[in-house]
Amino acid sequence: MPHPLVPPVLDWYARSARDLPWRRPGCTPWGVLVSEVMLQQTPVVRVEPLWRAWMQRWPTPAHLADAATSDVLRAWDRLGYPRRALRLQECARAVVERHDGELPTDEAALLALPGVGTYTAAAVVAFAHGRRSVVVDTNVRRVLARTLGGEALPPPSLTRSEMARAAQVVPDDDATAARWSVAVMELGALVCTARSPRCAACPVDDLCAWRAAGMPADEHAHRRRRQAWAGTDRQVRGRVMATLRAADHPVPEALLVDAGPDEAQRTRAVTGLVADGLVVREDVVGTVDGERVTTAVYRLPG
DNA sequence: AAAGCGGGGTC
DNA sequence: GACCCAGCTTT
């Protein structure tokens with residue numbers, strides 16, 4: 001017997017699923033992995049066009065492994081969290097070296113790849129290989145917190161009990177399990193949304209514990225605090241990266257002033273980027289008024 | 001368990 | 001202006 005949520009959600013998905021390129025039959029397992037990495041904290045609408053161009057340019061792990069890292073970072077453009085692009089190229093190289101260029105099907109082997117965590121490994125098992133796994137992303141957490149937990153939103157960080165609850169709902173056979181995983185995620189993305197859920201369009205509104213309880217407010221609200229954006233180190237890092245992506249020559253330190261007015265903050269940002277491998281610093285020896293001086297220039301790696 | 005890490009759209 | 005988005009890695 002499947003869990004009561006499963007049949008109506010599968011039926012809803014058959015009617016309502018978006019036509020996304022990484023869900024098409026011809027998409028390779030590597031294409032699925034690339035989509036999953038790009039979708040880590042980045043919405044579908046921003047990923048889709050970039051994914052198409054990316055897969056056109058680097059269709060296989062071998063292609064990406066051989067690319068210049070500077071090209072990879074430029075192609076990543078403003079998708080955000082550029083370290084993901086670095087990890088993705090490292091992942092491609094690991095697939096070439098460890099797995100003869102073919103993405104493994106084993107979840108533990110996937111988890112061992114750079115940039116692949118619990119969610120992404122499970123997602124590739126289900127969406128690329130059609131096998132049973134426990135896929136728990138922010139959408140699944142929210143749907144299960146509401147329908148089964150009776151709460152507005154899940155706790156701030158993923159708990160063991162959430163994983164256990166999710167595992168209980170996943171159907172036993174591979175094909176149905178894979179279908180369930182994509183379907184419940186889609187339900188969270190399109191209907192059971194964080195801000196204003198469309199319960200009128202929900203296939204399991206009659207089974208929803210949160211709805212039955214009168215849709216009480218979020219109990220964890222006081223513990224959710226996000227880092228602000230304006231004026232942060234992250235913003236300055238982003239601007240430095242934007243400057244270097246746009247430059248076709250190494251950029252002198254003085255030109256990075258555009259990234260922000262606070263010198264200490266700029267230094268922090270650039271130092272961090274160099275430590276992360278996203279930026280390379282070079283010392284250039286020149287002559288000013290007959291004196292030898294050393295100045296720093298910055299560029300993208302590779 | 002918590003903090004750091006982009007960037008853009010939406011309410 | 002706050003919140004949210006198919007999370008991962010490091011401490």
Side-chain angles (χ1 to χ4, degrees), chain A residues 17-18 20-23 31-51 73 76-88 90-91 110-128 133-143 152-160 162-163 166 178 181-190 192-197 218 220-243 245 259-260 268-269 271-273 275-279:
Chain A
R18 289 169 292 182
L20 300 173
W22 47 85
R23 286 183 184 162
V32 172
L33 174 61
V34 172
S35 80
E36 292 303 337
V37 173
M38 289 181 174
L39 287 163
Q40 291 167 2
Q41 299 288 281
T42 304
V44 167
V45 287
R46 289 177 52 201
V47 166
E48 184 169 351
L50 199 140
W51 180 90
L73 290 171
W76 195 262
D77 196 40
R78 289 174 299 176
L79 216 46
Y81 296 133
R83 44 172 63 165
R84 288 184 295 166
L86 238 41
R87 296 294 93 79
L88 186 55
E90 292 168 11
C91 178
L110 288 164
L111 195 54
L113 295 170
V116 177
T118 309
Y119 161 75
T120 302
V124 170
V125 168
F127 307 152
S133 65
V134 182
V135 179
V136 179
D137 77 325
T138 187
N139 291 302
V140 176
R141 295 181 66 207
R142 188 172 54 249
V143 171
L153 292 171
S157 49
L158 180 61
T159 63
R160 290 184 180 283
E162 283 184 271
M163 284 300 291
S181 293
V182 69
V184 66
M185 275 178 59
E186 190 79 334
L187 185 68
L190 299 183
C192 194
T193 55
R195 206 68 71 83
S196 33
D218 176 22
H220 312 286
H222 61 289
R223 293 176 50 200
R224 305 182 201 279
R225 196 180 343 102
R226 307 189 67 73
Q227 190 179 25
W229 174 241
T232 60
D233 289 8
R234 298 166 77 174
Q235 186 181 41
V236 175
R237 281 173 59 109
R239 286 178 179 161
V240 170
M241 287 299 291
T243 298
R245 282 197 307 269
R268 219 161 44 234
T271 304
L273 288 168
D276 290 344
L278 287 163
V279 170

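Order of the sequence lines sets the chain letters (A, B, ...), proteins ahead of strands, with each chain counted from 1. Only heavy atoms go into these numbers, but all of them, side chains included; no hydrogens, no water, no symmetry mates.
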- [ ] List in chain and number order the residues that pass salt bridge (Lys or Arg N to Asp or Glu O under 4.0 Å) with A:R141, two or more places apart in sequence or in another chain; answer none if no residue qualifies.
- [x] A:E162
Task: side-chain hydrogen bond (donor to acceptor under 3.5 Å, both in side chains) partners of A:R46, counting only residues at least two apart - done: none
Open item on the list: Quick one, A:L190 and A:R18 - any side-chain contact, counting heavy atoms below 4.5 Å?
Closed with: yes
- [ ] Side chain of A:L39 only, please: which of C:dA6, B:dG8, C:dC8 is the nearest?
- [x] C:dA6
Open item on the list: Using the side-chain heavy atoms of A:E186, tell me which of these nucleotides is nearest: C:dA6, C:dC5, B:dG6.
Closed with: C:dA6
Task: Residue A:Q40, side-chain heavy atoms: nucleotide from B:dG6, C:dA6, C:dG7 that is nearest - done: C:dG7
Between the protein and nucleotides 9-11 of chain B, which nitrogen or oxygen pairs come in under 3.5 angstrom?
unit_1	atom_1	unit_2	atom_2	d
B:dC11	O4'	A:R195	NH1	3.4

Task: Phosphate OP1/OP2 of C:dC5 contacted by A:T138 side-chain N/O (<4.0 Å) - done: yes
Open item on the list: Whether the A:E36 and A:Y119 side chains hold a donor-acceptor pair (N or O, under 3.5 Å, no angle test) is what I'd like checked.
Closed with: yes
TODO: Check every atom of B:dG6, C:dA6, B:dC5 against the side chain of A:L20 and return the nucleotide holding the closest atom.
DONE: C:dA6
Open item on the list: Regarding A:E186 and A:R23, does a basic nitrogen lie under 4.0 Å from an acidic carboxylate oxygen?
Closed with: yes
TODO: Indicate, yes or no, whether a donor-acceptor pair under 3.5 Å links the base of B:dG8 to the side chain of A:T42.
DONE: no
Each nucleotide N or O in nucleotides 9-11 of chain C that has a protein N or O under 3.5 Å away: list the pair and distance.
unit_1	atom_1	unit_2	atom_2	d
C:dT9	OP1	A:G115	N	2.7

- [ ] Could you list the residues that satisfy side-chain hydrogen bond (donor to acceptor under 3.5 Å, both in side chains) with A:D218, not counting sequence neighbours?
- [x] A:R224
Task: Counterpart residues, salt bridge (Lys or Arg N to Asp or Glu O under 4.0 Å), relative to A:R142 (two or more places apart) - done: none
